[in-house]
Protein chains: 4
Amino acid sequence: MADRKPVCLVLGAGAGIGGHVGKRFAHGGYHAVLARRSDEAGLQRLVDDIEEAGGEASGRLLDASLPDSIEDLVADVEQAIGPIECAVFNLGAQIGNRDLADTSYKAFELGWRLATFAPFRLASALMPRMEKRGRGSLIVTSATAAVRGNAGQHSHASAMGGRRMLCQTLNAEFGPKNIHVAHIVVDGPVDAPDTLGKMLGEHFEAYKKSKGDDGMIDPAAVAETYWHLAHQPRNCWTHEIDIRPFSNVAWWNDN
Amino acid sequence: MADRKPVCLVLGAGAGIGGHVGKRFAHGGYHAVLARRSDEAGLQRLVDDIEEAGGEASGRLLDASLPDSIEDLVADVEQAIGPIECAVFNLGAQIGNRDLADTSYKAFELGWRLATFAPFRLASALMPRMEKRGRGSLIVTSATAAVRGNAGQHSHASAMGGRRMLCQTLNAEFGPKNIHVAHIVVDGPVDAPDTLGKMLGEHFEAYKKSKGDDGMIDPAAVAETYWHLAHQPRNCWTHEIDIRPFSNVAWWNDN
Amino acid sequence: MADRKPVCLVLGAGAGIGGHVGKRFAHGGYHAVLARRSDEAGLQRLVDDIEEAGGEASGRLLDASLPDSIEDLVADVEQAIGPIECAVFNLGAQIGNRDLADTSYKAFELGWRLATFAPFRLASALMPRMEKRGRGSLIVTSATAAVRGNAGQHSHASAMGGRRMLCQTLNAEFGPKNIHVAHIVVDGPVDAPDTLGKMLGEHFEAYKKSKGDDGMIDPAAVAETYWHLAHQPRNCWTHEIDIRPFSNVAWWNDN
Amino acid sequence: MADRKPVCLVLGAGAGIGGHVGKRFAHGGYHAVLARRSDEAGLQRLVDDIEEAGGEASGRLLDASLPDSIEDLVADVEQAIGPIECAVFNLGAQIGNRDLADTSYKAFELGWRLATFAPFRLASALMPRMEKRGRGSLIVTSATAAVRGNAGQHSHASAMGGRRMLCQTLNAEFGPKNIHVAHIVVDGPVDAPDTLGKMLGEHFEAYKKSKGDDGMIDPAAVAETYWHLAHQPRNCWTHEIDIRPFSNVAWWNDN
């Protein structure tokens, strides 16, 4: 076991950011554990792709909304595969823009459950282990909605805003314990067939085309930035970073 | 009924900001509806004080964590007393600083339930009524934790951060409909026996003394600022404002 | 001299925010000192209006870009009229949107000179006097450009961003000395004939009309908010506040 | 000339971030042009080090406060060496903490001249060239003072706040033109003998020791992050990022 690879656990590993992060970390010498809610076949393809490229990976189905699901996954991965050196929380709670009247209590609560409570549960399960080892990193995919509310974002923005404040609180407690938590403000559309693709359905291709060349974020590029962040030496840590395509002005500019 | 007073509904009306807001608005010609979770006697004293001063007030016990409690209150007040012209959401979720390991799932969820979900429920019940009337205001007491996470604030900061993003989303949808939502960053200790006082218990007096003259926020002063905000003409609305004692440097400064 | 009125000094007192602040403070019992760069006749009319309404006022012409101009004005007012209890810095540096290529070094420097250096000079002249008296307030009109850069705002945003950071630095040093500095983010068009009016020229009326009822900020309403801020008890001070018309979504929302 | 290396121009290339950025980019295949105000011998050593390691570099002395100095340098480098693909603005304006009374007009203006006006001049000289080429990047070293004022930072914070708003304005105009501008919030002490080292003098070593292992930012680590940012594909650009040592809580947390 002495030469066991470090583990990178990705929650929310579809064909977008999560899957590409898995590939990138596997390529860089990690055992990538890819967890997603459904599509076992797609998950297996991801694992196969990584293994064919000479990397190590495992797939897990995970319904993060179920009690103990995240906690059990962490415990199981740590026991069966190895210490989680890097965790990537990549579950979103985007439900599209909805007026207040169309935002049900259930949708509002689900947003919180997936976007705020789930990373809290991950942190609760993971941080004591990382603290015992004296090291680790947690990278949290987030969104523009974490830094400003906007029309139709009642559920999404309040959940993501909670996520950001959670990350800042984790920074304060765990930074000095050598655990790096980074909050990533994804401020533009990601070329991700499993999330934005599903939301837009048949309109996805037309949408992509309307954005022009490089008008959508390539999840492989995001994965490269996550890799960089996870390997910053501890004297030079980033806690927050934003990303967007060149053709999208930043959220703080007029659009 | 033609000369019925406008109603100001205060959720979280103890001896601190909420109670003083009730007094201020009653003094200014509103019927103040004061809602709080417990201490019926204290609530009655508040109502009595207002009436003795020549104002109008009603008291309601409210457990905001119960389903339908806020919704029923809004419906009942609107029917029994009159249209709510101004609502003040003044419930907090401060549980003191706790390390992640000491922040239970239950505490984390309760924080969200009171600090994020409850104002969403209030907005869901209230906004359609205000929208129909073409006017109204909602003032939301908030905290430093809404703008930055900090050590020990896992539950509080993520709940308050969610609250802030909710307010900004409400701004975007309801501002142009002539409904004013304002988010108040209370960035210092409030001289409130029912909240901070209870949290500190026997240490409250020593704490106050340590702060010196005017070293704690006087809830009556806050009420004056709420009054001002609620009566800004619609061409000049504030969406966010911070307050603190002169002797407390702002959260963004080193302390 | 025992019943001398407190002095409110307004730098940038045209027909917009500055002039109305002067009126409001004169109405509230201050001697308003109105300083502006040009239009002596207009200035005199402002003074006359205030005096006719039973208030006290003086007018001064001031070219704030000249060395010693602000410093001499402060010294002169303090000696000739009385201690400045409240100063309102209301000079802007808006030059309209210009691409980088159209922003001359001269324009960029002038922006800084008026929007950043001038309030620093005012603070340098005023704070030692206020500190000696153990009280005072400084209200600084600012703009959206102080919190986010935007297309065409090279000069304006960098000057206003500097202004905001200056105010926050003043907060840290002078708050605990009982001197209140407040930074006002004016996040919408002000119905001010001397500034926006001049910039838009003959298009001003059409612009106003396009904004609809209450679609532009009434400077008299701003003055009311300044009055409120200047009189907050020191246990409850605001350092930053934003204002805009109801029909303008906030800068952080998509427009 | 067909195989001419791309040029990376570093303004402020001492033994800290600037020098290390030069080394990193030379190592990665750029011709590094290192510009600094003084210490020609030190500058030559930097160039020699890079060349001994197999890289390409040139050194230039530059007094950025002089008229035309930056402009001439850009023109000269473009003509004599080649198109500047990446520019790194690394000049600071830190003068230590000073009370308002100890902040002279001259110091305040110098802060602006170096920290706000100089990057504007660089952008004015560089952007038209990059725009003509349809690509380029500008990385701007900045500081905590750009996002919050603090005691003693009258000059530094207002200059850096102006710098940040300038960068955001450049983002809006030049991002869609395929020119990447990134603003780096260095939120902790850098182990830089030429800047912090000089400021602290004989106390530098004791200060470093007090910070513990990895308690100061290693400029070589910063250079690695700059390299990453400068090479993000244009569908995934970062406009703002913060860095600090693990043991320093972020500026938004209590210290």
Side-chain angles (χ1 to χ4, degrees), chain B residues 17 135 165 167-169 171-191 211-225 227-229 231-255, chain C residues 17 135 165 167-169 171-191 211-225 227-229 231-255:
Chain B
I17 293 175
R135 67 175 188 278
M165 290 299 104
C167 287
Q168 292 193 354
T169 304
N171 289 148
E173 183 171 343
F174 293 101
K177 292 176 175 170
N178 200 26
I179 300 170
H180 184 187
V181 179
H183 177 260
I184 319 299
V185 179
V186 178
D187 181 36
V190 179
D191 189 356
K211 289 290 175 183
D213 279 353
D214 284 316
M216 295 184 72
I217 299 171
D218 176 0
V222 180
E224 206 58 46
T225 287
W227 174 264
H228 177 74
L229 295 175
H231 295 91
Q232 288 178 313
R234 68 177 184 168
N235 65 65
C236 182
W237 275 358
T238 293
H239 289 177
E240 189 161 273
I241 184 177
D242 54 43
I243 50 174
R244 64 189 61 77
F246 79 106
S247 48
N248 242 48
V249 298
W251 68 265
W252 58 76
N253 293 131
D254 277 338
N255 278 283
Chain C
I17 293 176
R135 69 174 187 278
M165 289 300 104
C167 287
Q168 293 192 354
T169 304
N171 289 149
E173 183 171 343
F174 294 100
K177 292 176 174 170
N178 199 28
I179 300 170
H180 184 187
V181 179
H183 178 259
I184 319 300
V185 179
V186 178
D187 182 34
V190 179
D191 188 356
K211 289 289 176 184
D213 280 354
D214 284 318
M216 295 184 71
I217 300 171
D218 176 359
V222 180
E224 205 57 46
T225 288
W227 174 263
H228 177 74
L229 295 175
H231 296 91
Q232 289 178 314
R234 69 175 184 170
N235 65 65
C236 182
W237 274 358
T238 292
H239 288 177
E240 189 162 271
I241 184 175
D242 53 44
I243 49 174
R244 64 189 60 76
F246 78 107
S247 49
N248 242 49
V249 299
W251 69 266
W252 57 77
N253 293 132
D254 276 338
N255 278 282

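Numbered from 1 within each chain, the chains take letters A, B, ... in sequence-line order.
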(request) Measure the acute angle between the ring planes of B:Phe246 and C:Trp237, then classify it against the limits of 30° and 60° as parallel, tilted or perpendicular. (result) perpendicular
(message) Taking every non-hydrogen pair under 4.5 Å, which of B:Val185, B:Ile243, B:Val190 racks up the most with chain C?
(response) B:Ile243
(request) Supply the atom-to-atom distance C:Lys211 NZ to B:Asn235 CG, rounded to the nearest 0.5 angstrom. (result) 13.0 Å
(request) Answer whether the closest heavy-atom distance between the side chains of B:Cys236 and C:Asp218 falls below 4.5 Å. (result) no
(message) Is C:His180 close to chain B through its backbone or its side chain, or both, or neither, when contacts mean heavy atoms under 4.5 Å?
(response) neither
(message) What's the separation between atom CZ in C:Arg244 and atom OG1 in B:Thr238, rounded to the nearest 0.5 Å?
(response) 7.5 Å
(message) Please classify the contact of C:Trp252 with chain B as side chain, backbone, both or neither, using a heavy-atom distance under 4.5 Å.
(response) side chain
(request) Sort B:Asp187 into side chain, backbone, both or neither according to what part of it lies under 4.5 angstrom from a heavy atom of chain C. (result) neither
(request) Could you grab the distance from atom CG of C:Asn253 to atom CD of B:Gln168, nearest 0.5 Å is fine? (result) 7.0 Å
(message) If we define contacts as heavy-atom pairs under 4.5 Å, which of C:Val222, C:Asn178, C:Thr169, C:Thr225 has the most with chain B?
(response) C:Thr225
(request) Check whether C:Gln232 gets within reach of chain B through its side chain, its backbone, both or neither, counting any heavy atom under 4.5 Å. (result) side chain
(message) I need the C:Asn171 CG to B:Asp242 CG distance, nearest 0.5 Å.
(response) 8.5 Å
(request) Find the distance between NE2 (C:His228) and CD1 (B:Ile241) and round it off to the nearest 0.5 Å. (result) 6.0 Å
(request) Measure distances from C:Asp191 to the heavy atoms of chain B and classify the residue's part below 4.5 Å as side chain, backbone, both or neither. (result) neither
